[in-house]
Each structure stands twice: as structure tokens, then as C-alpha cells.
Trainee: 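Here you go, one structure.
As the structure lists them, so they are numbered: ligands from 1, and atoms in each ligand from 1.
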Amino acid sequence: MAEIELMEALPSPTRFLQAMGVPLPIRAELEELEAWWEAEGKAISAMIDRMGTPWLRAYDRFGHRIDEILYPPDYRRMLLQGYRAGAVWRAFEGEGLAATFLIGYVTAFYDAGLYCPYTVSLATALALRKYGDPALQARFLPPLLRRDGEVWQGATWMTEAGGGSDLGATVETVARPEGGHWRLTGEKYFASNAGAELAVVAARPEGAPRTVRGLALFLLPRYREDGGLNYLIRRLKDKIGTRSVPTGEVELQESEAYLLGRPETGIYEILEVLNVSRVANSIGSVALMQRAIAEALAFAERRVAFGRPVLHHPLMRRQFAERIRELQAAFALAWTTVRLLEEVWPEHPPYSERYHLFRLLTHLAKYWTAEQAVQTAKWAMEVHGGMGVLGEYPVERWLREAMILPIWEGTPHRQILDGLEAMGRKGAHRSLFAWLARWADPHALEEMASRVEAHLQLPSEEQEAQAEALFRDLARFTADTLSRSFPGG
Ligand SMILES: Cc1cc2nc3c(=O)[nH]c(=O)nc-3n(C[C@H](O)[C@H](O)[C@H](O)COP(=O)(O)OP(=O)(O)OC[C@H]3O[C@@H](n4cnc5c(N)ncnc54)[C@H](O)[C@@H]3O)c2cc1C
């Protein structure tokens, strides 16, 4: 694809999507959303970021627990834009799952953190649709799919104080059956979109083993059937970025909850939820890369040093060309993962080879795009020189926002090790290489495939110790190859 065409598209997420050749069945809606962000959203988003952590009003004036999160009214207006546009409902009633990621892309270009509420709401709705019984769906799905100001939000709470990577060992929340539902007691330590009307949470049914196989997935409403609060928000976290989503600590005390799916397959259901968020994280990371490059370009075109705009110095020009190539490749990796998610989402365990290919691509995409987002945001700051570190301009914010992307929804270590598992135990790399063969240089493909096979023969400790370089190279190779599968790539 002509570098010049992509460069011209940089200031606009919708134009960039179009330049990448992605089908845009909701183009008019994306343009409308983008126009809103330009006219109003940017300023609201900047204000929310500068305000820092929102307040938690835990009690009303009469001492009753209410756990209300105090954002200014503009926040709600900003949040509703994406829900109205179809960040959740379009997956069910409209153009399908991919359309929700298009809305996510436009949103994250302007505010990476705001894409989180849409993502976790989508993941909640998908899990409910796939694993909820008909009565549960009839009761709880419609409010999640509303298109007006009454729309409900979702959340996905797995992590507890002992850590988020090793859920099998660290989830202490216990689930006890009672009548037609369950009672959950425990706490969730990193609970994004705290205050959501519904959450999907990991808990351990009483007596289940203290391994990942002992975990099950539950639907947890904000209010009990008698109208009382069903979970308490202990406090909100003071975060470096993503301030447009409240992340809190949540206490469950005999909270009413409903089982999704079956306890025996709970861990698969939990991982399916996490994988939706990882795909969204990749889309958000690429959108952030685009925004950072666009800001850098706007500055470099006008800032003059040594007699010409800094953009026109050979070293800078070369860096821009490379960044745009990286952006194109990262987008190809992330968007291909979206397409595969759409294809394999209906599957149940035991999964097909195609599903394991999706899993491997998801780990590669989450790992690679988040890393690229951080590097690109850092570079955009450098392009701005001293102006880049000032709070007055948006550039320093992109670096703060980017720093969260590699960590939430599983750190780089987790992505690397889970990716290794998908290759070692499920042979997902073979499907990957067979698939990439259409676009790859045959020698490079053979070399990469031999490296992976040789790696998988190493003793397991050594496999893990040496996994990073392999995974990094595999991610780059996959992204570069997939970029050739996009129009003009
Ligand atoms: C802003 C924000 C919002 C979040 N929102 C949510 C949310 O809504 N819901 C939710 O469930 N969670 C949420 N999280 C939690 C997030 O998913 C966890 O932070 C993440 O999974 C890592 O867990 P941890 O922080 O407990 O680190 P730990 O699991 O304690 O890990 C510490 C370090 O050890 C590394 N490590 C662990 N195991 C290995 C290994 N085998 N080999 C090598 N290294 C290893 C980790 O990669 C990490 O670097 C959020 C986190 C953040 C920062």
C-alpha cells in the first residue's frame, strides 16, 4: 500500500480503516462517531484524564451504602456515544462482531481507556448469550443491548489480590449453590468498569479443586433481587492512565450470582471471555499507534530545525516510513484476529484446529501490538522533543495509556507462555504456517517453522527461558506476512 496514502489517512481512524481495505458496512456511523469525537469528545476525554481518579461516594447522606462513582455528567455523554453506535448491540442485531471492533478502533484512537467499558460489556453479553440459560438471557441480555441512555454495562472480574496470572491458585472467591442461584463470597482486586450493572466473574464452587479446573464462570448483577447492592466497591484505583474507566476493588458478600455454562468447563469459558478482551486490546493498541504517529507527523511537518521541517531530514523521514510499516503490519495482525474470532466464537470445547490457531494469533496479537503501542508512543514523544513530555499536549498521555496495554488482560509473559502452550500441546504453529504460506517468502517461512519445531524439542524449563526471542520474532514474522494479505500490502 502506498506509504503516502496511509500517511494522508493518519489523522482519521475511519479513513485509515478504509485505506487498509477493511470492509466498512457502517462507514456513515463511524464517520459520525469520529465527527463527535473531533467536535466534543476530545475535550471531554482530556478533562477526564486530567481530573485523575474519579471519586467514590460510598454512602448517602443517611449513611446507606450506595457506591456511586462520581464522574462529571459529560463522562456519561462520552460513554454513551459508543454504546449507541453499536459497540455491543451490533454483535447481536446488526453487522456482526467485526462491526463492534470498528467502533472500538475509532473510540480507542481518541481514548484507549474508554474502549475498555465497551469491551467488557461485549464480553459479558457474548458469554451470557453463549452460556446463559434461556430464562437468564431473557432477563439480562436486553438491557445490555439497549441503544439509549438506559443501556446496562458489563464487566469481567477474575483477578484477586494474590495475582492475576495464576488464577487457578489465586482465586479465593467461593460459590455456594442456593435454590435456583448461587451465593458468591470473596473479593476482586482489579475490577474495571466497577459499578457495572452486570459482571462475569470467576469463582470456585465449594469443594472444587484449587486448580484452574476448579473455576467456574458466574453472572453477577449489581443489585440483588430485593433491590439492595449485590457487591460493594471498596475503593477506586489511582492509575497512570485509562482514567476513563473506573477500576476498583470489589467485595462480594453472599452475592447473588448465576452459573454460566458448566463448572466442569468453567476455565474454558473464562478464557473465552479473556480472549475477547485480548483481541480488543490489540485493536485498541493499533488505534493508539495510529494516533501517536498522527500527532508526531503533525508536529514534524511544522517544526523546523537546520533549515527545514524535521520531517524532511533523512533520518526522521526513514523513521516515519518504518513506523507506518509497523502500523500496517500490527493492524493486519489485529484485524485478522478479529476475523478469526468471528469465525470460531460459536465453538465449544473440544475446540477445532482453527480455534487453536485463533488462540495462538490472539496471544501473538495481544503481545505484539501492545509492545508496539508503547514503543510508538515513546517515539512520538521523542519526535516532539521537550514538548512531548508536557501535560498540556496529548502526546505524554498516549505513553501513559499505552503502558497499561501490555499488562491488563494478561502480561507479555502470560501471552508468550500461553502461546507456547498452544504450539506445544495443540500444534497451532502448524496451522499458522500452513495458512501464512500463501503470502510468505518460502525460505523465511521454512526457517521460522524450523526454529519453532527445534524450540519445542527443548526441555520445558529451557523452552520457557528462551521463549521471548522466539515469540517476538514469530509475532513480527506473522504480522509482516499478514500485512501482505491486505489490499496493496
Ligand atoms: C488498569 C488495570 C485494569 C485491570 N482490570 C481488570 C479487570 O477488569 N478484571 C480482571 O480480572 N483483571 C484486571 N486487571 C488485572 C490484570 O489482568 C492483571 O494485572 C494481570 O493479569 C497480571 O496479574 P498481576 O498484576 O496480579 O501480576 P502477577 O500475576 O502477580 O504477576 C507478577 C509478574 O510475574 C509475571 N509472571 C507470572 N507468572 C509467570 C511465569 N510463569 N513466568 C514468568 N513470569 C511470570 C507476570 O507476568 C508479572 O510480570 C487490570 C489491571 C490493570 C493494570
Trainee: Any side-chain to backbone donor/acceptor pair from R90 onto A85? Under 3.5 Å, distance only.
Mentor: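 Side chain of R90 to backbone of A85, a donor-acceptor pair under 3.5 Å: yes, one is there.
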Trainee: What protein heavy atom lies closest to atom 18 (C) of ligand 1? Include the residue and the distance to one decimal.
Mentor: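 Result for atom 18 (C) of ligand 1: T159 OG1, 4.2 Å.
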Trainee: Any salt bridge between E326 and R476, counting N to O under 4.0 Å?
Mentor: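 Counted as a salt bridge, because a side-chain N and a carboxylate O are separated by less than 4.0 Å.
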Trainee: N/O of E464 under 3.5 Å from N/O of ligand 1, yes or no?
Mentor: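 The answer is no, given that E464 and ligand 1 share no N or O pair closer than 3.5 Å.
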Trainee: Counting each atom of ligand 1 from 1 as listed, which ones have a heavy atom of W408 under 4.0 Å away?
Mentor: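 Matching atoms, with element in brackets: 1 (C), 2 (C), 3 (C), 4 (C), 50 (C), 51 (C), 52 (C).
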Trainee: When rounded to the nearest 0.5 angstrom, what distance separates CG in N230 from CZ in R224?
Mentor: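 Taking CG in N230 and CZ in R224, the distance rounds to 5.0 Å.
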Trainee: Give the residue, atom name and distance (to 0.1 Å) of the protein heavy atom nearest atom 23 (O) of ligand 1.
Mentor: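 Of the protein heavy atoms, G164 N, 3.2 Å lies nearest.
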Trainee: Which residue owns the protein heavy atom closest to atom 20 (C) of ligand 1, what's the atom, and how far is it?
Mentor: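 Atom 20 (C) of ligand 1 sits closest to the protein heavy atom I407 O, 3.8 Å.
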Trainee: Salt bridge (charged side-chain N to carboxylate O under 4.0 Å, His left out): which pairs involve residues 163-175, sequence neighbours left out?
Mentor: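 Qualifying pairs, neighbours excluded: E172-R210.
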Trainee: Salt bridge or not between K188 and E160? Use side-chain N to carboxylate O under 4.0 Å.
Mentor: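 So K188 pairs with E160 through a salt bridge.
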Trainee: So, for H348 and Y131, is the gap between ring centers shorter than 6.0 Å?
Mentor: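 Yes, ring centres under 6.0 Å apart.
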Trainee: For the side chain of S282 and the backbone of T369, is there at least one donor-acceptor N/O pair under 3.5 Å apart?
Mentor: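 No; zero donor-acceptor contacts below 3.5 Å.
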Trainee: Would you compute the distance between atom CD of E197 and atom OH of Y223 and round it to the nearest 0.5 angstrom?
Mentor: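 Taking CD in E197 and OH in Y223, the distance rounds to 7.5 Å.
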Trainee: Mark up the atoms of ligand 1 that fall under 4.0 Å of a heavy atom belonging to K239, in ascending order.
Mentor: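 Close to K239: 1 (C).
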Trainee: What residue and heavy atom of the protein are closest to atom 33 (C) of ligand 1, and at what distance?
Mentor: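 Nearest neighbour among protein heavy atoms for atom 33 (C) of ligand 1, to 0.1 Å: H413 ND1, 4.9 Å.
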Trainee: Need the ligand 1 atom indices (1-based, order shown) with element for anything under 4.0 Å from a heavy-atom of T411.
Mentor: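 Those of ligand 1 that fall under 4.0 Å from T411 are 22 (C), 46 (C), 47 (O).
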Trainee: Counting N and O atoms only, with roles assigned by atom type, does the side chain of E409 sit under 3.5 Å from a partner on the main chain of V276, one being a donor and the other an acceptor?
Mentor: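 Looks like no, no N/O pair under 3.5 Å.
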Trainee: Give yes if a backbone or side-chain nitrogen or oxygen of R414 is under 3.5 Å from a nitrogen or oxygen of ligand 1, and no if not.
Mentor: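 Such a contact does not occur with ligand 1.
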Trainee: Among all protein heavy atoms, pick the one closest to atom 30 (O) of ligand 1 and tell me residue, atom and distance.
Mentor: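 Looking only at protein heavy atoms, the one closest to atom 30 (O) of ligand 1 is G163 CA, 4.0 Å.
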Trainee: Need the ligand 1 atom indices (1-based, order shown) with element for anything under 4.0 Å from a heavy-atom of L417.
Mentor: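 This gives 40 (C), 41 (N), 42 (N) as the contact atoms.
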Trainee: I need the atoms of ligand 1 closer than 4.0 Å to a non-hydrogen atom of M158, numbered in the order shown.
Mentor: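 Taking each heavy atom of M158 in turn, ligand 1 has 10 (C), 11 (O) under 4.0 Å.
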Trainee: Output the list of atoms in ligand 1 that are nearer than 4.0 Å to some heavy atom of E409, sorted by atom number.
Mentor: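 Within the 4.0 Å cut-off of E409, ligand 1 contributes 17 (O).
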Trainee: Does R213, at its CZ atom, have more than 12 non-hydrogen atoms belonging to other residues, nucleotides or ligands within less than 6.0 Å?
Mentor: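 12 or below, so no.
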Trainee: For T247, is at least one N or O under 3.5 Å away from an N or O on ligand 1?
Mentor: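 Such a contact does not occur with ligand 1.
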Trainee: Using a distance threshold of 4.0 Å (strictly less than), state whether atom 1 (C) of ligand 1 has a protein heavy-atom neighbour.
Mentor: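 Neighbour list for atom 1 (C) of ligand 1 includes protein heavy atoms (cut-off 4.0 Å).
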Trainee: Quick one: does I404 get an N or O within less than 3.5 Å of an N or O on ligand 1?
Mentor: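 No - when backbone and side-chain N and O of I404 are compared with those of ligand 1, no distance drops under 3.5 Å.
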Trainee: Can you tell me which residue and heavy atom of the protein come closest to atom 5 (N) of ligand 1, and the distance to 0.1 Å?
Mentor: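 Atom 5 (N) of ligand 1 sits closest to the protein heavy atom S192 OG, 2.8 Å.
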Trainee: Evaluate A191 for polar contact with ligand 1, using N/O atom pairs at a separation under 3.5 Å.
Mentor: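 Looking only at distances, the answer is no, because the N/O contact criterion of under 3.5 Å is not met.
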Trainee: Counting only heavy atoms on the protein side, is anything nearer than 4.0 Å to atom 25 (O) of ligand 1?
Mentor: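 There is no protein heavy atom less than 4.0 Å from atom 25 (O) of ligand 1.
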Trainee: May I ask you to identify the nearest protein heavy atom to atom 31 (O) of ligand 1, giving residue, atom name and distance to one decimal place in Å?
Mentor: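 Here the nearest protein heavy atom works out to S165 OG, 3.6 Å.
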Trainee: Run the ring-centre check on F16 versus F331 and record whether the distance is less than 6.0 Å.
Mentor: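 For F16 and F331, the ring centres are under 6.0 Å apart.
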Trainee: Specify the protein heavy atom at minimum distance from atom 6 (C) of ligand 1: its residue, its atom name, and the distance to 0.1 Å.
Mentor: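 Going by distance alone, atom 6 (C) of ligand 1 is nearest to F190 O, 3.0 Å.
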Trainee: To the nearest 0.5 angstrom, please state how far the CD atom of E371 sits from the OG atom of S285.
Mentor: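 Nearest 0.5 Å value for the CD-OG distance: 10.0 Å.
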Trainee: Once rounded to the nearest 0.5 Å, what's the spacing between atom NE2 of H356 and atom OG of S431?
Mentor: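 OG of S431 is found 9.0 Å from NE2 of H356.
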